[in-house]
Amino acid sequence: MSASRSPHPSPVQPGRTGANSSAWCLIPSRDAPTASPRARAALLAVGDGTIAAVGDLGDDPGSALTLVTGAFGTDDEGAVRPVVAPVWTHTDGPGDDAEADPPPAWVLDMRHGILVAGDPDVATGASRFVSLARPGVGVLRVVRDTPTTWAPPLALHDVRHALAAAATTSIREASDAVLVAETRSDRCAFTTAVAERRSQRASRHVLERIVAVGIGDDAAGAARAALDDARDVGFDELRREHVDEWRRRWDAADISIDGDEGSQRAVRFALFHLLSCAGTSGASAVGARGLTGLSYAGHVFWDTDVFVLPVLAATLPAAARSVLEYRLRRLPAARARAASEQRPGARFPWESADSGDEVTPPEAIDLDGATVPILTGSHAVHIGSDIAWSAQHYVDWTADAAFAETAGRELVVETARYLASRVRTDDRGIAHLDGVVGPDEYHGVVDDNSYSNRMLRWHLARAAELVEVADGPTAERFSGLSAALTVGYDPRTHRHEQFAGFHALDDVRIADLVDVPVAADVLLGRDRIRRSTVVKQPDVLMAHHLLGDGPDGSLAADLEYYLPRTAHGSSLSPAVCASLLARAGRPDDAIRWFDLAARLDLDDLTRTTGGGLHLATMGGLWQAVAWGFAGIRPTADGLVIDPALPSRWRSLQVRVSFQGVPVRIGIDDDSVAVDCEQPVHVVVEGRRAVGPIELRRRPRERSA
Amino acid sequence: MRRMIVAVDGSPASSSVIAAADVFADLLGLERAVMQVSGDRSEMFVDDSGTEVVVVEGDPAVEIMSASRQPDVVLTVVGSRAAVDDPRPAGHVATAVVEQADKPVLVVPPTAPPLALRRMVLPLEGTPATGAADDGILRELLDAGVAPLVLHVFDESTVPMFWDDAHTAASFSHEFRHRWCPAAPAVSLRRGEPGRRVLDVCGDEDADLIALRWNQDLSPGHAAVVRTVLAGTPVPVLLVPGPPPPASDPDAARR
């Protein structure tokens, strides 16, 4: 073993991947050849966390969407759904001749955050972006070379979507060059202002259009002011500042994989959309499909807290803070819900939208045609611990003391108070959490779900630390409950039982019977699955994924037992398994699951990508790389780095921000290089050091 | 004027065939040509509406096919079988016709109630082979106001990889509708043996018709849905010949 210090041991530059620069571009015909037009529209969505432009790519007019963060309405059946803004991207009009001059194919330039068709700087083509530098502002340029008149009208198209809530859009201002429209539902109002500039030289027509969306008390004023500012700046400068902002984001977040261009592109694609969907000011949560589609009704699940927030905490902390702010602003609603149950503290909803009230549908028609209750809204209480974990995880990455001592503390403690009130202690002094739904939703309502209990055990212990000075009795109670809470661990087998009674079920190793992933409940029926040990997604394993605090040997034992019994029917499952297998020293077993997560939307494996991208899977993909293959974790001792690279990757470079310091970590078979401009404590394969530094790696056998 | 060929055998089941044909004729503006192709042809079947019934000698299937190949014929109507207790999905004449016809065939079971064509079950596999349920005669029925109950059934060969929760069902249904039947207001999803589920939904929803696009192969191991539906249906079944699957079918790997 050797250790050496070097100011720049392994230079990591954005775009320098070992693969060629095409890893920065998503070309649908090459990278997603089977995608339907609607799926392609989602794959090529561009957004900034405030608005997003989806579709309108010339092949499916119905896919055009403009989505606005936090805009909801109530539909006829009382469900809370997104409200869409008028579409501003149509540029068809007199002079178009698609047959004579078919439009060039769209390419997503992920490095610069621009959707491009052809070469609009030189000849016929189009480009579109939603400005990271000016959230809420979208820009497009279309260039046509035609000897005839080309005169698409300036218009805002009020579109209706079956999955959107009803809203009315009214034109407030209209001229040849500017349109301003107000959209209003029963729950929101926002203003869309659009302007354009046309020019013509010989047969070359240029159209530049700018849109600005204003939200809030003075939506109209905000939209108009943003539009006027953007018009003053002009297209070229808007593009320059947008590209500069993307450069900053990639500087902070890029991952480079040498030796595997497909994985490289897929990881960039995931990062691109995660960074596109994240607001960096105020309160902004990333819904299950972000702003890339209307599926999942724009609702916010635990996906946001435990799958999306971690990548943001490590690469774009302001966005992670905005996610937490979203939860904080809904703390009053969570307190009210707890109070309605005559309990202390705060209970957050399983599905959340604008108000913070529970918006999980109460029932649905299942695949047998029966109306069945949806139990997550009433029983998936682990959301409280998930949120507390995300708050602590943000603090672990950022060392944001102001948040930790105020708002973060409040989130952790208030959710703990609620959950502590639900804990039952039996005659033997063992504490239980009864009647909950865990991550494995196949088994419905159970007692002592291992994931929920392990998360709560951690949660109560952390809350006890946070209240200790101010409230000794509460701290003592939290500590006592935490220690007494059963987590189903059997020291003889080193395994956790998923819930009380799980091991009495029919033992079915689903992976031995059919190819997985498979929606086992669809295949075998809900009742059959409920009576068996087939699990939908990591549950016991999910606790290992987030906490990493299981007893020695329990990760390997639980992987050995639960993986063959996991159907992976949740899109969240593959990435978690990839991460855990890598951590367990089996990176070449992990890569299969990594590939599934990487291709989930590109190959439309769910057949639902047309309704939006699976942002949580993308967050999980980052976790598989950063937590799994790179073995990176923020801890009190420093940044832990314990890599396990798959054989087909020659090297891996990951960028994070640890406690305010940008850190670039380069890993190959021989060394780990930590590059940072200020000292950073690290623990590399168990050895404490201070970066910047390059360390030789310990000899390790590749997994079979 | 476009015509339909209505083939009867003179049995009591012929009344159901004629009644179903009448409804289609009215709805789609078709002229009926009724031919009696089997049974006791010395006693001509009497059509209550007074339409002339042509008695045809020769092999029934051959004669029906010959008539239906006329360019102005857009639909052929046959009875599935003469007897209620016949266990076969369809008699040999109906089987021959549906396998050979290059145009839609309406197969009417012997006990089909008088047809009021308000709702039709439209099962879709969601593959290029079976459509696209919005062209040809199916498009005409939709345009004429027949409400489609589009149904997709997951079986062992088509079970999805991922199925998260109720939102997935809504999302899958929405995307499926966009891709395969944009004209339908919604798509219902079921799991199990597709033919049985089609019949279940037909009964649950009080549908008047089942419309199936298929590849016309009733040999063993093929067309299980069509077999099951023909054997168990209480309502007429419209069989629409479908195009062969293209070589680049992206869904082929999942089937």
Side-chain angles (χ1 to χ4, degrees), chain A residues 33-39 60 62-63 161-163 288-289 293-297 299 301 351 360-361 363-369 372 374 376 441 514-525 536-537 568-574 596 600 603-612 614, chain B residues 121 124-128 132 149 151-180 182-194 196-205 246 248-255:
Chain A
T34 62
S36 68
R38 285 175 56 80
D60 180 15
S63 68
H161 290 272
L163 297 180
R289 302 298 180 97
L294 292 168
S295 288
Y296 283 66
H299 291 178
F301 298 69
E351 295 186 28
T360 303
E363 60 186 26
I365 296 175
D366 73 3
L367 294 176
D368 293 318
V372 294
I374 296 177
T376 45
E441 294 162 3
V514 296
D515 289 339
V516 293
V518 65
D521 52 342
V522 178
L523 179 68
L524 299 174
K536 178 182 173 186
Q537 66 194 89
H568 307 282
S570 166
S571 57
L572 302 175
S573 189
L596 265 170
L600 191 94
D603 290 339
D604 195 3
L605 296 179
T606 66
R607 294 288 181 259
T608 63
T609 295
H614 294 73
Chain B
V121 179
L124 291 181
E125 280 185 16
T127 66
L149 302 167
L151 174 66
H152 178 67
V153 182
F154 297 110
D155 66 8
E156 288 183 6
S157 65
T158 61
V159 64
M161 286 184 175
F162 303 102
W163 201 259
D164 273 317
D165 61 10
H167 287 287
T168 304
S171 182
F172 187 99
S173 172
H174 191 72
E175 297 307 314
F176 188 96
R177 181 180 71 81
H178 263 283
R179 192 165 183 184
W180 301 112
V187 173
S188 294
L189 301 172
R190 294 289 187 275
R191 56 172 289 276
E193 195 263 292
R196 293 305 317 165
R197 296 289 84 78
V198 170
L199 294 172
D200 290 346
V201 170
C202 181
D204 292 346
E205 301 293 337
S248 60
D249 174 5
D251 293 312
R254 298 292 300 157
R255 294 202 299 273

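Labels below follow one simple rule: chain letters A, B, ... track the order of the sequence lines, proteins then strands, and each chain is numbered from 1. Just so we're clear, the structure is a prediction, and the values are computed from it rather than from any experiment.
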Participant: Could you give the distance from OG (Ser295(A)) to CZ (Phe172(B)), rounded to the nearest 0.5 Å?
Facilitator: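 With rounding to 0.5 Å, OG (Ser295(A)) is 12.0 Å from CZ (Phe172(B)).
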
Participant: Heavy-atom distance under 4.5 Å to chain B: side chain of Leu524(A), backbone, both or neither?
Facilitator: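 The backbone, not the side chain.
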
Participant: Can you find a pair of side-chain heavy atoms, one from Ser570(A) and one from Phe162(B), that are under 4.5 Å apart?
Facilitator: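 Heavy-atom side-chain distance check fails, nothing below 4.5 Å.
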
Participant: Tell me which of these, Gly369(A), Ala364(A), Ala520(A), Ser573(A), has more heavy-atom pairs under 4.5 Å with chain B than the rest.
Facilitator: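 Top option by heavy-atom pairs under 4.5 Å: Gly369(A).
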
Participant: Let me know if Asp515(A) has heavy atoms under 4.5 Å from chain B in its side chain, its backbone, both or neither.
Facilitator: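 For Asp515(A), neither part sits under 4.5 Å from chain B.
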
Participant: Using the ring of each side chain (for Trp, its six-membered ring), is His299(A) parallel, tilted or perpendicular to His167(B), with breaks at 30° and 60°?
Facilitator: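 If you compare the ring of His299(A) with that of His167(B), the planes turn out perpendicular.
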
Participant: Do the non-hydrogen side-chain atoms of Met161(B) and His568(A) ever get within less than 4.5 Å of each other?
Facilitator: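 Side chain of Met161(B) against side chain of His568(A), heavy atoms only: no contact under 4.5 Å found.
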
Participant: Does any backbone or side-chain atom of Thr168(B) lie under 4.5 Å from a heavy atom of chain A? Answer side chain, backbone, both or neither.
Facilitator: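 Both parts, backbone and side chain.
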
Participant: Calculate, to the nearest 0.5 Å, the distance between atoms CH2 and CG belonging to Trp163(B) and Asp521(A) respectively.
Facilitator: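 Here the rounded value is 9.0 Å.
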
Participant: Can you tell me how far the CZ atom of Arg190(B) sits from the CD1 atom of Ile365(A), to the nearest 0.5 Å?
Facilitator: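 Going from the CZ atom of Arg190(B) to the CD1 atom of Ile365(A) covers 6.5 Å.
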
Participant: Contact between Arg38(A) and His174(B) at the side-chain level, heavy atoms closer than 4.5 Å - yes or no?
Facilitator: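 Yes, at least one pair of side-chain atoms sits under 4.5 Å.
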
Participant: With a 4.5 angstrom heavy-atom cut-off, could you sort out which part of Ile374(A) is near chain B: side chain, backbone, both or neither?
Facilitator: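 When you check distances to chain B, only side chain atoms of Ile374(A) fall under 4.5 Å.
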
Participant: Do Tyr296(A) and Asp164(B) have side chains that approach each other closer than 4.5 Å (heavy atoms only, starting at C-beta)?
Facilitator: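 Contact flag for Tyr296(A)/Asp164(B) side chains = yes.
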
Participant: Hey, which of Asp366(A), Val518(A), Val522(A) has the most heavy atom pairs under 4.5 Å with chain B?
Facilitator: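 Top option by heavy-atom pairs under 4.5 Å: Val522(A).
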
Participant: Regarding Glu175(B) and Arg607(A), does a basic nitrogen lie under 4.0 Å from an acidic carboxylate oxygen?
Facilitator: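 Arg607(A) and Glu175(B): not salt-bridged.
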
Participant: Measuring heavy-atom distances to chain B, does Glu363(A) have an atom under 4.5 Å in its side chain, in its backbone, in both, or in neither?
Facilitator: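 It is neither, since no heavy atom gets under 4.5 Å.
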
Participant: Quick one: of Gly525(A), Ala288(A), Ser63(A), who has the most non-hydrogen atom pairs under 4.5 Å with chain B?
Facilitator: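 Sorted descending by pairs with chain B, the first entry is Gly525(A).
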
Participant: So, Arg191(B) and Asp368(A), do they make that salt bridge, N to O below 4.0 Å?
Facilitator: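 A salt bridge links Arg191(B) with Asp368(A).
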
Participant: At what distance, to the nearest 0.5 angstrom, does CG of Leu294(A) lie from OG of Ser171(B)?
Facilitator: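 Separation between the atoms: 9.5 Å.
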
Participant: Would you check if Pro160(B) and Thr606(A) make a side-chain contact, meaning some heavy-atom pair closer than 4.5 Å?
Facilitator: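 Answer no - side chains too far apart.
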
